[in-house]
Structure formats: structure tokens, C-alpha cells
Amino acid sequence: MSNSQKVAIVTGASQGIGADLVDAFRQRDYRVVATARSVQPSGDPNVLAVAGDISQREVAQRVVGEAVARFGRIDTLVNNAGIFIAKPFTQYTVEDYAAVLNVNLNGFFHITQLAIAEMEKNRSGHVVQVTASIVDHAINGVPCVLAAITKGGLNAATKSLAIEYAKAGIRVNAVAPGMIKTPMHKAEMLEVLGGLHPVGRMGEMSDISNAVLYLDSAPFVTGEILHVDGGLSAGH
Ligand SMILES: NC(=O)c1ccc[n+]([C@@H]2O[C@H](COP(=O)([O-])OP(=O)(O)OC[C@H]3O[C@@H](n4cnc5c(N)ncnc54)[C@H](OP(=O)(O)O)[C@@H]3O)[C@@H](O)[C@H]2O)c1
């Protein structure tokens, strides 16, 4: 096993975009640490599965610790774990609020702090957030202020950290998806959701994985919020 082989951590890796990202990184010959509450052990020796709730600091410590112990380095962290609850503002419960902030913000904060501390030792690394295009372009009929608070916060944090670490060799970017065909969406909603996009359809998981891989291989790109959204953020 070569020491120059890169290592990526992917959160929310048990299904959807995260699972696709694990495959995409493996196709580029990265070693991958895949984490989610229900992630299953992999038969691939270059994929380490670490199960746990990413909102918990202890889980983030375990993911980063096991990544370094098993693979010796962390080149890329993809903060993909996230939940989406669309409701009229006054109908959100306190539990909804806590759940979304826990996964989307605490799940970013703990592991990013720990991973960047490792990247600083090598003066090299890349952190990518999977945020959401809808936070830049609210859609009448899709009320989701908790996504706006959390994913909008992550977009802002992306720029803030990109500048803080620009001279430390650590890049920080985000991919802001439109609506993507994943288990997050019910089958009966796909046509309606597709119609919300200027291109008239939803995106594929590979659209997001390809965008993450592009950013990972783009050394002059940092602080970028890359919209992969069929034109959604451009307007209607
Ligand atoms: N699909 C879309 O249309 C769309 C649009 C914009 C943005 N996004 C963003 O893209 C990302 C991936 O979305 P997706 O559609 O692939 O979602 P998904 O199919 O629902 O998968 C979400 C992933 O997050 C993990 N997760 C949820 N809560 C967690 C927790 N407490 N601790 C650890 N892992 C947790 C889930 O695993 P476990 O349940 O096993 O923990 C799962 O692997 C999310 O951040 C989402 O907000 C998606």
C-alpha cells in the first residue's frame, strides 16, 4: 500500500450522495473512511466504515482517529451528512429545529475541526461541504428555513475557513446541489421536483460526486460554492 495514496473521509456515506461519493473516490484510487449511523462494514480493504451519529463529538473523534490509525493521513473531508425538513415556518417543532442543527451544523463543526487539525500537520488538505442551492434561491411552495439557516451557514463557513486556511495549504469549498434523485425524495415527488429546475429535471448523484472530484483536483479553487442545480440558482 503506497503512502502517496490519498485518503478521503465521507460523512453520510450509508446511502444516497455519500454512498456514491465513496464509489467515486475509490474509482480515483483514494482510500476512504465512510461514516454514518447505519454504514455497513465494507469488503474492500481500502474502505473503512465507522458507524455513529456525526453530531456527536466522540463520533467525530473516532472517525478522524481511525482514519489516521488505519491510513496514516487525511487529504479530503466531505461533509455530506445532512437532513432536510421542509415545513411552513410556524409548524417546525423544537425537535425538528434541534435535529437539523445537530446533523447539519454540529455534524460539520466537530469533524471539520478535528480533520483540519490533522491537515495542518501536513500543510495540505481539502474540505468540501455539500450544502443546497435552495438557500440562495428560495422557492415559493418549498418552505425550508432550517435548510437556509444550516446550509446557508455552511456556505458562509466555507468562505470563512477558505480564507483562514488559504496560506496553510488547506482549501475549503462547497457543492450546492439542486434536487438530486436520492432516497431522500419519495418516488411520487420526482416529476414535480424536476419541474422546479430550469432544465426541467432533477440531478443525478453522479453530478454531485463529479463536482466534488473536480474541486478536489483544482488546486487554485478555494472558497467556491459550486452550484450543481440545473440552473436553479440562476433564476427562473
Ligand atoms: N437529495 C437532494 O435533493 C439534496 C439537495 C440539496 C442538498 N442535499 C444534501 O446532500 C447531502 C446528501 O443528501 P442525500 O439526498 O444523499 O440524503 P440521504 O439519502 O437522506 O442520505 C443522508 C445521509 O446522511 C446520513 N445521516 C443522517 N443523519 C445522520 C447522523 N445523525 N449522523 C450520521 N449520519 C447521518 C444518513 O445515514 P444514516 O441514516 O445511516 O445515519 C445518510 O447516509 C445532504 O447534506 C443533503 O442536505 C441533497
Side-chain angles (χ1 to χ4, degrees), residues 9-24 32-42 47 49-63 77-86 95-96 98-112 127-139 142 144-155 157-158 174-187 189-197 201-209 211-212 225-230 232-233:
I9 295 175
V10 178
T11 73
S14 61
Q15 64 172 41
I17 293 166
D20 196 75
L21 276 163
V22 173
D23 292 341
V32 181
V33 180
T35 182
R37 289 167 303 180
S38 65
V39 73
Q40 298 299 312
S42 170
V47 176
V50 181
D53 179 342
I54 199 63
S55 69
Q56 303 300 308
R57 191 165 184 91
E58 170 274 320
V59 172
Q61 283 167 331
R62 200 150 41 81
V63 173
L77 166 65
V78 187
N79 284 307
N80 167 75
I83 58 174
F84 179 75
I85 303 175
E95 290 75 22
D96 292 333
V100 177
L101 265 66
N102 261 331
V103 181
N104 295 9
L105 292 184
N106 297 354
F108 155 83
F109 179 79
H110 298 306
I111 195 163
T112 303
V127 180
V128 188
Q129 281 59 253
V130 179
T131 63
S133 180
I134 199 168
V135 309
D136 297 316
H137 185 91
I139 301 175
V142 189
C144 54
V145 76
L146 294 184
I149 291 169
T150 57
K151 300 294 191 172
L154 294 185
N155 282 349
T158 296
V175 174
M179 286 157 205
I180 308 298
K181 284 185 223 155
T182 74
M184 181 183 274
H185 300 295
K186 294 191 178 107
M189 289 302 293
L190 299 187
E191 201 175 325
V192 176
L193 294 175
L196 295 174
H197 300 75
R201 62 176 173 81
M202 293 178 76
E204 304 294 334
M205 292 186 277
S206 58
D207 291 316
I208 306 308
S209 295
V212 171
I225 316 292
L226 179 55
H227 291 82
V228 181
D229 65 357
L232 201 57
S233 64

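Note: hydrogens, waters and symmetry copies are ignored here, and every other heavy atom, side chains too, is used. The model shown is predicted, which means the values in this text are computed figures rather than measured ones. Just so you know, residue 1 is the first one in the sequence shown, and it goes up from there. Just follow the structure's listing: the first ligand is 1, and inside any ligand the first atom is 1.
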Visitor: Less than 4.5 Å apart, any side-chain heavy atom of Val50 and any of Val39?
Guide: no

Visitor: Can you tell me how far OG of Ser206 sits from CG of Asp20, rounded to the nearest 0.5 angstrom?
Guide: 6.0 Å

Visitor: For atom 40 (O) of ligand 1, what is the nearest protein heavy atom, given as residue, atom name and distance?
Guide: Ser38 OG, 2.4 Å

Visitor: Among protein heavy atoms, which sits nearest to atom 34 (N) of ligand 1, and what does the distance come to when rounded to 0.1 Å?
Guide: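 Atom 34 (N) of ligand 1 sits closest to the protein heavy atom Ala36 CA, 3.8 Å.
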
Visitor: Can you sort out which atoms of ligand 1 are near Pro183, meaning under 4.0 Å from one of its heavy atoms?
Guide: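 Matching atoms, with element in brackets: 19 (O).
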
Visitor: Show me which atoms of ligand 1 lie under 4.0 Å from any heavy atom of Ala13.
Guide: 43 (O)

Visitor: For ligand 1, which atoms sit closer than 4.0 Å to a heavy atom of Gly82?
Guide: 22 (C), 24 (O), 44 (C), 45 (O)

Visitor: Judged by non-hydrogen atoms, does Gly52 sit under 4.0 Å from ligand 1?
Guide: yes

Visitor: Can you report which non-hydrogen protein atom sits closest to atom 31 (N) of ligand 1, along with the distance?
Guide: Asp53 OD1, 2.9 Å

Visitor: Just need the protein heavy atom nearest to atom 27 (C) of ligand 1, so name the residue and atom and give the distance.
Guide: Arg37 NH2, 3.6 Å

Visitor: Side-chain contact, heavy-atom cut-off 4.5 Å: Met179 with Ile134?
Guide: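 Sidechains of Ile134 and Met179: in contact.
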
Visitor: Checking Thr112 against Asn79: is there a side-chain donor and acceptor pair closer than 3.5 Å?
Guide: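 Looking only at side-chain atoms, Thr112 and Asn79 do form a donor-acceptor pair, the distance falling under 3.5 Å.
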
Visitor: To which protein heavy atom is atom 46 (C) of ligand 1 closest, and what is the distance rounded to 0.1 Å?
Guide: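 Answer for atom 46 (C) of ligand 1: Met184 CE, 3.7 Å.
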
Visitor: Determine whether Val63 and Ile111 make a side-chain contact, defined as any pair of heavy atoms from C-beta on separated by less than 4.5 Å.
Guide: yes

Visitor: Is it the side chain, the backbone, both or neither of Thr131 that has a heavy atom closer than 4.0 Å to ligand 1?
Guide: backbone

Visitor: Drop me the distance from Glu95's CD to Asn102's CG, to the nearest 0.5 angstrom.
Guide: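 The CD atom of Glu95 sits 12.0 Å away from the CG atom of Asn102.
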
Visitor: Given Asn79, Asn80, Val130, identify the one with the heavy atom nearest to atom 45 (O) of ligand 1.
Guide: Asn80

Visitor: Using distance alone, determine whether Ile17 and ligand 1 share an N or O pair under 3.5 Å.
Guide: yes

Visitor: Hey, does Asp229 have a side-chain heavy atom less than 4.5 Å from the side chain of Pro177?
Guide: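 Not touching, per the 4.5 Å side-chain cut-off.
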
Visitor: Which of the atoms in ligand 1, numbered in the order shown and given with their element, are less than 4.0 Å from a heavy-atom of Lys151?
Guide: 44 (C), 45 (O), 46 (C), 47 (O)

Visitor: Using distance alone, decide if ligand 1 has a nitrogen or oxygen within less than 3.5 Å of any nitrogen or oxygen in Gly12.
Guide: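 The answer is yes, given that Gly12 and ligand 1 share an N or O pair closer than 3.5 Å.
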
Visitor: Measuring from atom CG of Asp207 to atom CE of Met202, what distance do you get when rounded to the nearest 0.5 angstrom?
Guide: 11.0 Å

Visitor: I'd like to check Met205 versus Lys181 (side-chain heavy atoms, cut-off strictly below 4.5 Å). Are they in contact?
Guide: no

Visitor: Can you tell me if Gly178 contacts ligand 1 (heavy atom of the residue under 4.0 Å from the ligand)?
Guide: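 Judged by the 4.0 Å heavy-atom criterion, Gly178 does count as contacting ligand 1.
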
Visitor: Quick one: does Ile180 get an N or O within less than 3.5 Å of an N or O on ligand 1?
Guide: yes

Visitor: If you measure from each non-hydrogen atom of Thr182 to ligand 1, which part falls under 4.0 Å: side chain, backbone, both or neither?
Guide: side chain

Visitor: Nearest 0.5 Å please: distance from the OG1 atom of Thr131 over to the CG atom of Asp136.
Guide: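 Going from OG1 on Thr131 over to CG on Asp136, the span is 7.0 Å.
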
Visitor: Heavy-atom contacts under 4.0 Å between Lys181 and ligand 1: side chain, backbone, both, or neither?
Guide: neither

Visitor: Out of all atoms in ligand 1, which are within 4.0 Å of some heavy atom of Gly16? Include the element for each.
Guide: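 Ligand 1 atoms under the 4.0 Å threshold to Gly16: 16 (O), 19 (O).
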
Visitor: Considering Cys144, Ala132, Ser14, Pro177 one by one, which has a heavy atom nearer to atom 43 (O) of ligand 1 than any of the others?
Guide: Ser14

Visitor: Please determine whether the number of non-hydrogen atoms from other residues, nucleotides or ligands lying under 6.0 Å from atom CZ of Arg201 exceeds 12.
Guide: no

Visitor: Relative to atom 32 (N) of ligand 1, which among Thr150, Asn106, Ile54, Val63 owns the nearest non-hydrogen atom?
Guide: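 Among Thr150, Asn106, Ile54, Val63, the closest heavy atom to atom 32 (N) of ligand 1 comes from Ile54.
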
Visitor: I need the atoms of ligand 1 closer than 4.0 Å to a non-hydrogen atom of Gln15, numbered in the order shown.
Guide: 18 (P), 19 (O), 20 (O), 21 (O), 42 (C), 43 (O)

Visitor: Can you tell which of Gln129, Met205, His185 gets a heavy atom nearest to atom 3 (O) of ligand 1?
Guide: His185

Visitor: Rounded to the nearest 0.5 Å, how far does CD1 of Ile180 lie from OG of Ser133?
Guide: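 If I round to the nearest 0.5 Å, the distance is 9.5 Å.
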
Visitor: Just verifying a value: how many Å separate Phe108 CZ and Thr158 OG1, rounded to the nearest 0.5 Å?
Guide: 6.5 Å

Visitor: Of the options Thr11, Asn80, Asp53, which is the one that meets Thr35 in a side-chain contact (heavy atoms from CB on, under 4.5 Å)?
Guide: Thr11

